[in-house]
Amino acid sequence: MKALHKLINSVKPHFEEGGKLSKFWVVFDSLETFTFTPGHVTLQGSHIRDGIDLKRTMFFVIVALIPALLFGTWNLGDQYYSSLGQDADLMAKMLIGSAKVIPLILVSYGVGLGIEFIFAAKRGHGINEGFLVSGMLIPLIMPVDVPLWMVAVAVAFAVIIGKEVFGGTGMNIVNVALTSRAFLFFAYPKQMSGEIWIHDVAANKGANLLVDGHTGATALGHLANTVGKVADTPAVQHIMGMFADGGMFSLHNCIIGTIPGSIGETSAIAILIGAVILVATGIGSFRIMASFLAGGFVMGLLFNLMDMNAFMSLYPLHQLVLGGFMFGMVFMATDPVTAASTNTGKLIYGFLGGLFSIMIRVFNPAYPEGVMMAILFMNVMAPLIDHYVLQSNINRRQKRIQNI
Amino acid sequence: MSGRPSDIVTEAPAAQVYAVKPPDFTGLLPKLNVREGDAVKAGTSIFYDKKMPLVQYASPVSGVVKEIVRGAKRRILAVVIEADNKNSNVDFGVLEVEKSDRETLISRILEGGMFPFFKQRPFDVVANPEDKPRSIHVSGFDSSPLAANTSIALENRLSSFQTGIKVLAAISGEGGVHLGIKAGETYLKGVTHCSVSEFDGPHPSGNVGVQINHIAPINKGEVVWTIGLQDVANLGSLFLTGNYTPSRVVACGGSECKKPQHVKTIIGASVKSIVEIPSNSQNGEDVRIISGSPLTGDKITQDGFLGAYHSAIALLPEGNQPKFLLTEGWLGLGLKRFSLSHSFLTWLMPKSKEWILDTNMGGEERAFVVTGQYEKVFPMDIYPVHLVKSIIVNDIDSMEKLGIYEVAPEDFALCEYGCTSKIGVQQIVREGLDNLRNELG
């Protein structure tokens with residue numbers, strides 16, 4: 001360790017002001033502070049400081065994402081083989097999965113961090129660690145067979161337009177990862193819907209290799225097809241059959257996560273493990289998660305009671321484990337920068353977010369991923385919610401004066 | 001924290017040099033009454049405030065003015081007095097509190113040099129003698145780490161303390177005097193002429209700002225005075241004996257302190273006379289000497305002096321060594337580092353465990369990202385994050401609305417301690433209060 005520290009110090013002069021490589025100071029600085037928490041001491045104010053910093057905070061979010069990442073990788077392989085009706089062992093499935101997931105992660109980090117480095121160097125501040133999380137979230141909310149160049153474009157768009165134009169980390173209004181997903185959704189609607197949720201499903205379909213029922217569409221894609229149709233036609237009943245016990249999208253399968261979908265979003269269990277890590281370490285807001293869940297459940301229950309079409313009749317709990325609801329709840333809605341910042345505001349923000357997620361997905365078949373739209377919408381609304389929460393505090397203060 | 005001061009009290013040897021430091025008193029513009037070489041008694045006015053000429057700042061001991069230390073722009077940093085150990089006092093005469101009116105009391109406090117110990121909110125500056133405060137608040141305990149124990153700090157001084165409270169009651173407005181004591185502590189329970197409230201819980205429950213917010217929050221236009229626990233007793237002594245009595249029991253602690261204990265000394269005494277400075281701090285590199293609490297105090301050198309409002313001295317290790325990421329750095333399990341964050345395993349350990357804290361920043365300054373942290377350690381009906389943000393952008397209207405009149409920098413000390421983005425919150429609040437004060441004239 002001492003040797004490493006010496007090495008870093010020995011190359012340091014090259015990067016400092018006037019050195020040959022001073023343009024790359026930001027890169028050097030981020031690597032140096034990555035290996036050693038620097039020996040900076042407090043100069044004013046509180047002499048003692050907590051050990052928590054942004055690096056540690058962000059790292060714990062990554063740790064929380066690992067279960068979803070690992071499961072997603074396995075599930076990708078599992079879906080591939082089962083769509084072909086073949087059996088394969090764990091290693092084979094992980095191999096197929098890794099071959100798809102690792103390039104996605106590399107592209108996401110490569111493009112995103114590259115842009116962050118450039119902006120940090122230009123603005124002369126340290127690299128904010130925010131993208132460490134965004135860069136991991138983005139691959140997890142992508143369909144399996146999304147072309148890598150699209151991911152690169154989406155990441156660039158999200159980081160530049162979604163974040164840097166607002167002033168960088170901490171200033172963005174909407175969640176960066178969701179921005180990339182929304183960008184793809186609207187810019188390439190054709191490529192982002194239909195048969196891309198299982199690896200190579202389109203090609204295999206052409207070659208007539210697919211097992212019955214595997215169309216490569218997500219659960220929500222199927223459900224969206226039922227909207228506007230009479231409930232007791234065979235087509236609708238066939239779809240709803242997939243959601244019954246023993247069907248492809250049974251409650252059991254949806255909780256475990258063995259269904260087609262974005263890489264990280266399918267398994268409620270893996271996501272909940274992440275949620276436990278975030279809540280136990282105090283890094284993710286329990287308020288937001290709980291109220292988001294409650295909001296979704298209430299909406300699902302209301303729809304279930306109204307029962308106006310097949311989609312609405314779905315059991316509320318089933319609604320919650322479909323699509324990106326869980327993933328959005330734990331990893332997207334809780335983004336502290338874009339969520340409401342007051343404690344009361346967080347409850348309102350979460351509840352409405354959950355509510356709208358289910359509402360959008362049921363009412364508007366064009367946007368089966370209601371969660372994405374709902375969270376982006378609530379991101380924009382969060383400052384307004386905070387404003388009213390603050391206003392009530394301000395009013396309380398002013399009332400005190402009047403009462404004298 | 002490790003190095004908690006023991007309950008032993010020792011009398012510090014009489015220090016050779018003392019200092020009155022204008023920077024201790026926020027908002028003060030000093031105008032000297034003495035020159036280098038002048039002889040002074042304890043209670044002789046050294047300087048007064050240009051903006052409030054009535055407020056006199058007194059010499060703590062008798063002796064000779066040795067040096068007037070000036071900084072940039074000839075700003076006076078300290079008036080150093082060499083003690084002659086004769087303990088001669090200016091005699092202001094005994095005054096019976098019950099038989100005197102408010103005006104007499106105030107003028108005695110002013111000439112007796114006790115007035116600078118009154119602070120006012122809003123702005124957290126030395127109070128203005130021309131104001132009549134709505135109420136006067138005294139915190140009966142210090143909840144910050146390594147702080148002095150109330151019953152030791154006021155040992156044998158209860159009658160002075162009671163007299164001091166009577167004085168406060170006589171000069172306060174209709175809001176009276178409020179004393180906040182620690183729940184379950186009986187030492188100050190019998191004090192009369194004030195309303196006593198009990199406060200339970202960890203720091204900052206002993207902060208007077210928190211207590212005010214819970215008893216009767218400050219409204220725009222109102223002025224509230226606060227005064228330190230031991231200063232109330234010193235105030236009482238002024239009336240009982242007729243002498244300026246700047247006595248102070250100081251809690252000396254911290255993991256680098258050889259003998260953590262309480263020491264009886266005089267305000268402004270040189271730190272050397274109070275506590276043994278470890279040899280590795282001679283060059284000022286490995287040990288931080290703090291006058292006051294580790295959360296709010298001032299960094300001083302080994303030749304420094306005890307601050308006017310301070311009742312603690314802490315010696316902490318300087319955290320100037322880089323920490324490797326996996327062992328003690330940002331990726332460590334966190335078995336050794338006390339933290340408010342549950343991402344360190346230390347939160348599972350018993351609360352009674354004492355930690356060694358150093359002065360490392362624990363990371364670099366970053367954009368403000370994480371929310372909900374400040375609120376956890378800010379037990380007032382105020383939104384700290386939003387208030388701080390309104391100060392950063394200097395939005396006076398929002399600051400007022402969000403309650404800036406109710407706060408002092410010390411109330412934000414724990415926010416600063418726990419801040420993930422390492423933002424210097426106390427400094428921001430101080431600047432905000434100063435700006436606002438200038439703005440309002």
Side-chain angles (χ1 to χ4, degrees), chain A residues 1 4-5 8 29 32-60 125-126 128-130 167-171 280-283 285 287 336-337 339-343 346 386 389-391 393-394 396-398 400-401 404, chain B residues 217 219-221 288 290 294-297 299 314 316 318-325 327-331 334 337 339-344 357-364 366-372 375 381-383 385-386 401-403 413 416-422 424-427:
Chain A
M1 238 143 300
L4 182 60
H5 190 234
I8 289 176
D29 181 56
E32 186 195 11
T33 58
F34 182 84
T35 44
F36 290 95
T37 294
H40 301 165
V41 293
T42 51
L43 297 174
Q44 55 192 23
S46 179
H47 297 266
I48 48 177
R49 296 297 172 95
D50 205 295
I52 185 83
D53 66 355
L54 206 55
K55 279 192 180 69
R56 191 174 178 91
T57 308
M58 293 302 176
F59 176 75
F60 270 85
H125 61 61
N128 273 294
E129 287 80 3
T169 302
M171 323 276 185
T281 54
I283 282 167
S285 166
R287 277 192 177 80
V337 174
S341 59
T342 53
N343 282 341
K346 280 175 184 167
D386 280 339
V389 173
L390 286 181
Q391 204 59 46
N393 179 274
I394 289 167
R396 214 161 36 240
R397 189 162 287 112
Q398 275 167 354
R400 247 168 31 205
I401 299 182
I404 296 169
Chain B
N219 298 306
K220 188 182 175 181
R288 170 80 52 106
I290 301 162
L295 287 169
T296 56
K299 176 184 176 178
L316 302 182
E318 286 280 15
N320 49 8
Q321 291 303 315
K323 298 176 180 180
F324 185 61
L325 81 154
T327 50
E328 286 177 59
W330 62 278
L331 266 185
R337 187 138 194 167
S339 174
L340 294 175
S341 157
H342 287 183
S343 72
F344 289 80
L357 272 70
D358 62 24
T359 63
N360 191 284
M361 286 290 281
E364 304 134 282
R366 285 290 182 261
F368 191 88
V369 170
V370 182
T371 58
E375 286 82 354
D381 185 19
I382 287 175
Y383 285 93
V385 175
H386 302 87
K401 285 180 179 166
L402 290 171
E416 183 170 282
Y417 167 77
C419 182
T420 301
S421 300
K422 310 293 170 192
V425 189
Q426 293 190 83
Q427 181 69 18

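Only heavy atoms go into these numbers, but all of them, side chains included; no hydrogens, no water, no symmetry mates. Lettering of chains follows the sequences in order, A, B, ..., and the numbering in each one begins at 1.
Of all heavy-atom pairs between Tyr417(B) and Ile48(A), the closest is CD1-O, 3.2 Å. Annotation for Lys401(B) and Ile394(A): closest pair O-CG1, 3.5 Å, computed over non-hydrogen atoms. Between Asn343(A) and Glu375(B), the shortest heavy-atom contact is ND2-CB, 4.1 Å.
The side-chain heavy atoms of Lys422(B) and Asp53(A), taken from C-beta on, include a pair separated by under 4.5 Å. In this structure, the side chains of Ser341(A) and His386(B) come closer than 4.5 Å at one or more pairs of heavy atoms. Between Asp386(A) and Tyr383(B), the closest side-chain pair of non-hydrogen atoms is not below 4.5 Å. Counting heavy atoms from C-beta outward, Arg397(A) and Lys220(B) have side chains that stay 4.5 Å or more apart.
Neither the backbone nor the side chain of Arg287(A) comes within less than 4.5 Å of any heavy atom in chain B. Heavy atoms closer than 4.5 Å to chain A are found in the side chain of Ile290(B), but not in its backbone.
The candidate from Ala413(B), Ser421(B), Pro217(B) with the greatest count of non-hydrogen atom pairs under 4.5 Å with chain A is Pro217(B). Counting heavy-atom pairs closer than 4.5 Å to chain B, the top-ranked of the candidates Thr57(A), Leu390(A), Val337(A), Val389(A) is Leu390(A).
For the atom pair OG1 of Thr420(B) and CD1 of Ile283(A), the computed distance is 8.0 Å after rounding to the nearest 0.5 Å. Here the NE2-CG distance, from His47(A) to Asn360(B), works out to 14.5 Å after rounding to the nearest 0.5 Å.
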